[in-house]
Structure formats: C-alpha cells, structure tokens
Amino acid sequence: MQALCSLQAAAAHQVAARAAPRLQRPETCRAGAPVVVRRAATVASRRHRVCKAVAAPERVEATAAAPGKLQQPGKAQDQVTVVYKFGGSSVASAERMMEVADIVCSFPEHLPCVVLSAMGKTTNLLLQCGEEALRTDASNIRSLAPLKAIQDLHRETAQKLRVDHACIEEVEALLKQLEQLLVGISIMQDLTPRAKDSLVSFGERLSTRLFAAFLNAQGIKAKQYDAYAIGVTTNDNFVNAEVNYQLTLPAVKEALTFKPGQERHLPIVTGFLGRGLQTGAITTLGRGGSDLTCTLLGASLGLPEVQVWKDVDGVLTADPRVVSTATPVARLTFEEATELAVFGATVLHPLAMQPAHECNVGVRVKNSYNRTAPGTLITEERAMEDVLVTSVVIKSNVTLVDITSTRMMGQYGFLAKVFDVFARNKISVDVVATSEVSVSLTLDPAKTMWERDLITDELEHLMHDFEGIAEAHYRRGMAIISLICNVQRTSEILERVFRVFGREKINVQMLSQGASKTNIALIVNDEEAKAALRALHQEFFGSC
Ligand SMILES: Nc1ncnc2c1ncn2[C@@H]1O[C@H](COP(=O)(O)OP(=O)(O)O)[C@@H](O)[C@H]1O
Ligand SMILES: N[C@@H](CC(=O)OP(=O)(O)O)C(=O)O
C-alpha cells in the first residue's frame with residue numbers, strides 16, 4: 001500500500017502538472033496505512049494523526065456544450081484526471097443519459113473515467129424479478145411485469161440514443177441471459193445470494209454499454225469496462241462483498257492507465273460490481289455501492305478528486321424527504337461523511353470514504369439536475385471554529401439492548417464477554433453507553449444492508465446467550481438521531497437539544513458521545529424521531 005500510494009502520488013503529480021493545473025494533488029497518500037474495512041466508530045477513534053490539509057480544488061463551472069455537439073475531453077497524451085460517478089437517478093432515461101454526456105464533456109481540460117449505476121430503479125426491478133421468479137412457472141417467466149419494464153426501458157433507451165447495431169446486439173444478448181437466469185431461478189426454486197448478485201449485475205452492465213455506445217455515436221471515444229474484468233476484487237461475501245484493496249488498487253491502475261500509443265478514450269465503468277476472490281463469481285458492494293467504486297477508482301489512479309453526481313445539491317443538513325428546507329453543506333471531513341452515511345444519510349455509501357480517506361482523494365458531491373450548484377466537498381480536514389451542528393440524521397427501526405451484570409462490581413472481563421456474545425451471533429452494534437456493571441447498546445436494523453430485519457427468534461437467541469453472564473432486555477422500534485457536530489462545543493449543543501426535547505416532550509432513552517469526535521447520538525422512540533429531527537433542524541438551522 002505504501003509503495004503503491006507513493007507511486008500513485010508521483011504519477012498523479014506529473015499528470016496534474018501537465019493536464020489538470022486546477023486540481024492540486026496532495027503530496028502523498030498516507031504512508032503505510034493499510035486499507036481495511038472498519039465501522040465508523042473505529043474509524044473515528046483511530047484518527048489522531050495530524051494530516052496534511054487537502055488543497056481544495058477550485059470549483060469547475062459547467063460550460064455546457066449543446067447536445068449533439070459534444071467535444072472529446074482531455075488531450076492526446078493525458079491519463080485519466082478525474083472520476084465522475086452518476087447514480088441511478090442521474091441516468092434514469094435516455095434524456096438523462098444525454099444530459100450526463102453533456103456534463104461529462106463540459107470540462108474539456110479533464111479526461112474523465114465515468115462510473116455508472118443501473119438506470120433509475122432497475123436494481124429494485126431486478127430483485128423483484130428474482131422474488132417473482134420463485135413463485136412463477138418457468139414457462140411464464142417471459143411475462144413477468146418487472147422483466148418487461150426492464151426490457152422496455154433499455155430497448156427504448158437504445159433506440160432514443162441511436163446506438164450502433166453492435167450495442168443493440170449486446171443489449172439483446174444481456175436481456176436474453178437475464179431471462180435465462182430467471183428461468184433457472186424458477187426451476188431451481190432457489191435465489192441464493194450468489195444468484196442475486198448475478199441478477200442485479202445486469203443493471204450496471206446494461207447502462208454502461210448504452211452510455212459508452214451513445215458517446216461513440218456522438219464522436220466521443222469511450223469504452224465500456226465491467227469493474228470485475230478490470231480487477232475490482234472482493235471477498236465472496238455475496239450481496240455485501242468487501243473490497244480486497246491490496247489486489248484491486250494496482251490491478252485497476254494497470255487496466256485504466258493508457259499505454260504509449262494507445263488511443264485516448266473515456267473509460268465507462270460499471271459501479272457496484274466486483275469479482276469474488278475464491279469463487280470468481282460476480283459480487284456486489286452493497287446497495288448504493290457505486291459511490292465506493294468511484295472512490296476506489298480515484299484511489300487506484302492516485303487522483304486529487306472524484307465527483308459523485310446525485311439528484312440533490314450535495315450532502316444536506318437533513319434528509320430532504322423529512323425536512324423539505326434542508327440546505328447543502330459546503331464542506332465535510334471524511335470522518336463526518338462516514339458518520340453521516342453509517343447513521344442514516346442514504347446519500348453516500350457508508351464505506352465510500354474509506355479509499356478516499358486513505359489515499360487523500362477529495363470527494364465532491366454534485367447535482368446532475370443543477371450542475372452549477374457548488375455541491376459538497378469532502379476532504380481530510382476543514383475549518384471547524386465556526387461550526388456548531390453540520391447535519392442531523394435518523395436511523396430508524398433500531399433495537400435497544402440493556403445488559404446488566406449479574407456479578408458484583410469490580411469484576412473484570414464483563415464487557416469482553418458481552419461483545420463476544422454479539423460476535424458469536426454475528427450481530428453488529430452501533431452505539432454503546434456503559435457503566436461498570438451495565439451496558440446499553442443499539443443494534444443495526446439489519447445484519448446487512450440487504451437482508452431482512454433482525455427477527456424476534458434471533459433476538460431471543462441472543463438473550464438466551466447472555467444467561468449466566470448478565471440480565472439482558474431488548475426494546476424494538478427505537479431510532480438513533482445523530483448530530484454531526486463540533487464536539488468541542490458539546491455542552492452548548494446538548495443544552496439546546498434538551499431545551500428543544502423538553503419543549504416537545506420527547507424522551508431520550510440513551511445518549512452516547514464519547515468515542516466519536518464528530519457525532520452525538522440520541523436514542524428516542526421511532527414514532528417520535530421525525531418530529532424530533534424537524535425540531536432540532538429548526539433549532540440549529542432556523543427553518544423546517
Ligand atoms: N443528508 C442528506 N443529504 C442529501 N440527500 C440525502 C440525505 N439523506 C438522504 N438523502 C437522499 O439521498 C438521495 C440521493 O442518494 P441516492 O438516491 O443513492 O443517489 P444516487 O442513486 O444518485 O447515487 C437524495 O435524493 C435524498 O433523498
Ligand atoms: N444500482 C445499485 C448500485 C448503486 O450505487 O446505485 P445508486 O448509485 O443509484 O444508489 C443500487 O441500486 O444499489
């Protein structure tokens with residue numbers, strides 16, 4: 001990793017100097033820092049080192065070329081200088097793909113690599129196909145409504161984008177394969193996690209082929225790449241696979257570096273997908289995983305910045321579906337962005353900041369529907385003097401567990417035994433508050449982002465495992481409200497929080513701050529959570 005980062009930094013420095021003077025690369029990636037998957041609380045507690053501040057790249061204003069008159073970005077000798085990721089909402093239709101092509105070609109000084117998600121709600125439709133295939137006779141698979149919707153969307157898009165015949169053939173071949181896979185699921189009466197990953201992979205495989213073909217039809221040289229074919233390697237934990245950074249970073253760098261004499265083109269890469277190391281099968285990085293693909297590619301290529309383009313003006317002060325007047329946050333640190341994602345802001349994938357943080361790649365969140373909005377810039381550090389509260393998020397459907405030791409005070413090893421029980425049950429813990437003889441903690445609503453909620457049987461089994469160690473009780477239907485804030489000013493923040501909650505008669509069941517340097521967590525009843533969020537937003541941001 002150390003050698004890799006230094007190499008990348010040197011290469012990126014040369015590229016930046018020659019091709020992208022407005023984007024300044026920090027000197028080095030953090031030397032010797034292994035990239036490993038951790039949960040947010042661990043990430044937060046590990047960040048004691050003072051890191052070099054990233055020089056904020058200047059905002060690149062859009063100078064949109066008229067559709068149909070797109071210009072090839074970058075110069076003949078360039079390597080990729082930036083990665084753009086467009087999510088499902090940005091590429092939901094042929095018209096949206098045209099708009100995205102226009103955005104991509106609006107910065108002629110940059111040679112971009114483009115990561116795409118599946119079009120619109122295609123991933124959900126694919127999962128629906130899988131579920132319905134289990135209840136449908138193989139001979140009727142063809143008439144499944146979600147399958148028809150997927151076929152119609154991609155055929156219509158191909159037609160509107162006027163892609164070439166080769167692309168139409170590829171799209172038809174993929175749609176045929178998809179149908180065959182569903183027939184297989186119907187016959188086997190089995191939808192394994194491995195088959196699920198194969199199934200949902202069709203979304204990104206289709207969208208990227210259509211988009212690359214459209215660019216080529218417009219005279220822009222572009223080439224489609226499946227992430228699993230250019231070295232994105234994961235473990236074999238299907239539906240939520242973890243990236244193997246040691247293998248992936250050098251492989252992706254090699255695959256996406258232009259060789260002498262090679263024609264420059266825009267790489268168009270499938271987000272969300274990888275290849276399992278042991279099985280060699282297609283894996284996925286968890287829902288919303290294209291954000292991670294984007295930062296992973298940026299880290300592999302040693303770039304100063306990547307941009308994730310969404311349907312909102314950046315990361316907002318609250319979920320806009322709950323607080324309609326939420327406003328964009330101009331700057332965040334990697335740590336704050338991670339806490340936001342882990343504690344409920346669905347705008348970013350919870351692990352997306354990891355490669356960016358380790359290799360110091362700035363992440364800009366932009367709006368593909370409002371391209372001149374400055375968005376949010378996420379970097380290693382930012383000025384915190386004037387910051388009180390940055391954003392408020394909710395994680396709903398949480399279970400609160402209270403555990404009290406049955407032994408006398410002063411016994412050692414109590415917490416170790418408690419956490420061993422969770423480890424054995426493979427249940428992850430979010431927020432913890434402890435005293436010497438008791439511990440309260442919250443459990444993730446789902447074991448993984450894809451799986452169903454923890455079921456009562458599993459919780460009862462967990463309670464059973466505490467027998468002889470402690471008395472344990474659980475309460476479902478709780479929510480974590482997290483204030484991403486300047487914890488140097490905790491007293492002031494909490495004084496205002498409790499004034500608001502007192503007024504609104506909202507009872508706090510548990511409070512945790514300690515380990516995180518960016519987050520105060522308040523546990524309340526789920527049915528009070530949205531009202532509590534709106535009241536807090538009103539208090540700290542002035543409107544709701
Ligand atoms: N704090 C937040 N800031 C911005 N958006 C948020 C926040 N919390 C939730 N969201 C939701 O996240 C959505 C964008 O994420 P997502 O749909 O995954 O984007 P994409 O599919 O384009 O990558 C927004 O439309 C918004 O409703
Ligand atoms: N298509 C995948 C991966 C992804 O990142 O999607 P989006 O960028 O639209 O959230 C999903 O729906 O989970």
Side-chain angles (χ1 to χ4, degrees), residues 84-92 96 99-100 103 114-128 150 196-197 199-208 227 232 239-241 269-274 282-296 306-330 332 336-352 363 365-370 373 375-376 378 389-396 448-450 481-484 530 533 537 541:
Y84 300 136
K85 176 258 169 168
F86 294 90
S89 58
S90 296
V91 292
R96 289 299 311 160
E99 176 74 15
V100 165
I103 293 173
V114 181
V115 172
L116 290 191
S117 299
M119 293 181 73
K121 298 283 175 213
T122 300
T123 307
N124 288 353
L125 287 172
L126 286 162
L127 286 169
Q128 221 177 306
I150 292 166
K196 248 186 196 173
D197 274 358
L199 181 61
V200 292
S201 75
F202 283 91
E204 275 72 11
R205 288 156 73 192
L206 285 161
S207 66
T208 45
V232 176
V239 307
N240 230 343
V269 182
T270 56
F272 185 47
L273 310 180
I282 294 176
T283 54
T284 60
L285 310 180
R287 294 305 303 265
S290 301
D291 293 341
L292 174 56
T293 309
C294 176
T295 53
L296 181 60
V306 298
Q307 300 185 350
V308 286
W309 291 74
K310 306 258 165 188
D311 60 351
V312 277
D313 282 350
V315 177
L316 307 180
T317 48
D319 185 334
R321 293 164 298 187
V322 180
V323 182
S324 61
T325 52
T327 51
V329 175
L332 283 173
E336 288 173 316
T338 302
E339 296 269 309
L340 264 163
V342 168
F343 286 100
T346 53
V347 65
L348 290 168
H349 185 280
L351 297 177
V363 179
V365 184
K366 295 272 292 172
N367 189 350
S368 72
Y369 289 79
N370 181 19
T376 301
I378 308 168
V389 176
T390 303
S391 190
V392 197
V393 283
I394 303 183
K395 191 168 189 172
S396 294
T448 74
M449 278 183 285
W450 287 64
I481 297 186
S482 299
L483 290 133
I484 307 302
K530 283 187 181 162
L533 180 82
H537 196 271
F541 302 100

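Both counts, for ligands and for their atoms, begin at 1 and track the order of listing. Fair warning: this is a prediction, and the values are worked out from it, not measured in the lab.
- Ser368 and Arg96 share a donor-acceptor pair across their side chains, judged by distance under 3.5 Å alone.
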Step-by-step side-chain hydrogen bond (donor to acceptor under 3.5 Å, both in side chains) determination, Arg287 to Thr346
CA-CA 10 Å; Arg287 294 305 303 265; Thr346 53; over 6 Å; no

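- Evaluated for a side chain to side chain contact (heavy atoms under 4.5 Å, CB included) with Val393, the options Val342, Thr317, Ile481, Leu340 yield exactly one hit, Leu340.
- Near Gly88, meaning under 4.0 Å from any of its heavy atoms, are these atoms of ligand 2: 7 (P), 8 (O), 9 (O).
- Only the side chain of Ser117 comes within contact range of ligand 2, with a heavy atom under 4.0 Å; no backbone atom does.
- Using a 4.0 Å cut-off to heavy atoms of Lys85, the atoms of ligand 2 that qualify are 8 (O).
- Between Lys530 and Val322, the shortest heavy-atom distance links the atoms CG-CG1, 4.1 Å.
- Under a 4.0 Å N-O distance rule, the pair Asp291/Lys310 qualifies as a salt bridge.
- Every protein residue with a heavy atom nearer than 4.0 Å to ligand 1 is included here: Lys85, Gly87, Gly88, Ser89, Lys310, Asp311, Val312, Gly314, Val315, Leu316, Ala318, Asp319, Pro320, Arg321, Ala345, Thr346, Val347.
- Ligand 2 has Glu204 within reach: a non-hydrogen atom of the residue lies less than 4.0 Å from it.
- Not close to ligand 2: Gly203, with no non-hydrogen atom less than 4.0 angstrom away.
- Backbone and side-chain nitrogen or oxygen atoms of Ser290 are examined, and one is located within less than 3.5 angstrom of a nitrogen or oxygen of ligand 2.
- Among the atoms of Thr123, some N or O lies under 3.5 angstrom from an N or O of ligand 2.
- Using a 4.0 Å cut-off to heavy atoms of Arg287, the atoms of ligand 2 that qualify are 11 (C), 12 (O), 13 (O).
- Ring pair Tyr84/Trp309 is perpendicular by interplanar angle, where above 60° counts as perpendicular and below 30° as parallel.
- Heavy-atom proximity to Gly288, at under 4.0 Å, picks out these atoms of ligand 2: 3 (C), 4 (C), 5 (O), 10 (O), 11 (C), 13 (O).
- Legend: residues meeting side chain to side chain contact (heavy atoms under 4.5 Å, CB included) with Ala241, ordered by chain and number and at least two apart, are Thr234, Asn235, Thr283.
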